[in-house]
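These notes concern the structure reproduced below.
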Amino acid sequence: MFNFTFHNPTKIFFGRGQISAISKEIPADARVLVTYGGGSVRANGVLDQVLAAIEGRTVFEFGGIEPNPSYETLMGAVEVIRRESIDFLLAVGGGSVIDGSKFLALAPFAVGDPWKILSERQRVDRALPLGTVLTLPATGSEMNSGAVITKKSEQAKLVFSSPLTFPRFSVLDPTTTFTLPVRQVANGVVDAFVHVVEQYLTYPVAAAVQDRYAEGLLLTLVEEGPRTLAQPEDYDARANLMWVACQALSGLIGAGVPQDWTTHMIGHELTARFGLDHARTLAVVLPATLIVRREAKREKLLRYADRVWGLASGAEEERMDGAIAATRRFFESLGVPTRLSDYGIGAGSIPGLVAALEAHGMRALGERRDVSLEVSRRILEAAL
Ligand code: NZQ
Ligand code: ZN
């Protein structure tokens, strides 16, 4: 196992009725900016519950943060923060609202244009405190310090993280997810699954705890994902899905092990260029990544075949093929396509995608930094 430092300061309030707990977490004299997306939280009553819980504070609202939150939209909120002297952010929604609010936590303190936090990895030494109320299990953003922001004018979707952008607290009330469209539930299962795979399916470093825990999370997703889709009002299924997605990217399974993230980085270019949902890009890129990188991942791919898909006997090559096919079948069983051609994206788009990877500094991806632009091109070809 590699050396590691693990620190996760986010306090989790989990379960029915837990939104009311935030009343004790935000100072009585706070000037709060409540951020949200396109209106789902207004329609399903979650926003009303939040506003009731923080009654008495000076509250402002900023709605309209879109999926794949954009710098352009968020800069409007930065103006509100400055104008109204906001001193607490409360994000209510999915990963996009939470990620966007992490950007808002840092942006007022950036030197020059806050986009430099992403484009130049500018370090910012102060942040507004952030709390979240999660309504979509998928990204893990509610318990990590990372965020992904898009600059539409440049078709750039970039990542940042800062120790200052861990949420102070996050509320995970599974009943807030009852109104999710099927498509978003399926997306969430795929996103969480790929988060685990990016930290698990690399090469062995004798990290028995992380490996066993990762396998447990993957098996939970394989069981609870379809159950949630079949029985949308099943509280237990929703609760398990919410917790597994959170744990998939809270840092625990990634501590002390190599991490890949090739699938995510190629996926971000597909979203930036074609507007595909984040999880849908992953379902296309992951099987192709496993095909192209099977030798580099041989030992873990065989273990994954055995522990997750029960493929323990037969020739090694067959077991590896079987695991990749089972992964593809699982995504498709959720209604998530696994080929670029399913979206009308053909070979002609690949040079542009590779050029975008190069422009964004993604020349050496993967757990051994050996996924060159040439390897990324082969992955995209295998995804056709
Ligand atoms: O905008 P509203 O009206 O709220 O509707 C949203 C949105 O249209 C809707 N929704 C959310 N909760 C709902 C609901 N509809 C009905 N009932 C509810 N309870 O769902 C749609 C998608 O929301 P979004 O927040 O975009 O989805 P998700 O949580 O999948 O977030 C995706 C974003 O997170 C980034 C992705 O790149 C993408 O930009 N990621 C962030 C990560 C992180 N910070 O650690 C890691 C991930 O790999 C991912 O990259
Ligand atoms: Zn993801």
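Whatever order the structure lists them in is the order used to number ligands and atoms, beginning at 1. Sequential numbering from 1 along the given sequence is applied to the chain's residues. Remember, it's a predicted structure, so these values are computed and weren't measured experimentally. Just so you know, these numbers use all the heavy atoms, side chains as well, and skip hydrogens, waters and symmetry mates.
- Residues of the protein with a heavy atom under 4.0 Å from ligand 1 are G37, G38, G39, S40, N44, P67, N68, P69, G94, G95, S96, D99, T135, L136, A138, T139, S141, N144, G146, A147, V148, K157, T176, T179, L180, P181, Q184, D191, H195, L249, H264, H268, H278, listed by chain and number.
- Remark: R31 is not positioned above the aromatic ring of F60, lacking an NZ or CZ atom under 6.0 angstrom from the ring centre and at most 45 degrees off the axis.
- Cation-pi geometry between R368 and Y203 is met: the NZ or CZ atom falls under 6.0 Å from the ring centre, inside 45° of the normal.
- Ring pair H195/W261 is tilted by interplanar angle, where 30° to 60° counts as tilted.
- Side-chain atoms of T150 never come within 3.5 Å of backbone atoms of K152 as a donor-acceptor pair (strictly under, hydrogens ignored).
- Checked by atom type, the side-chain pair T35/S101 shows a donor-acceptor distance below 3.5 Å.
- Excluding water, every protein N/O/S atom under 2.8 Å from the Zn ion (ligand 2) is given here by residue and atom: D191 OD1, H195 NE2, H264 NE2, H278 NE2.
- Geometrically, K11 does not engage F169 in a cation-pi contact defined by less than 6.0 Å to the ring centre and at most 45° from the axis.
- A side-chain donor-acceptor contact under 3.5 Å links S70 to the backbone of T73.
- Residue D173 is tested with T175, T177, T176 for a side-chain hydrogen bond (donor to acceptor under 3.5 Å, both in side chains); the sole match is T175.
- Proximity of the aromatic rings of F193 and F331 is defined here by a centroid distance below 6.0 angstrom, and this criterion is met.
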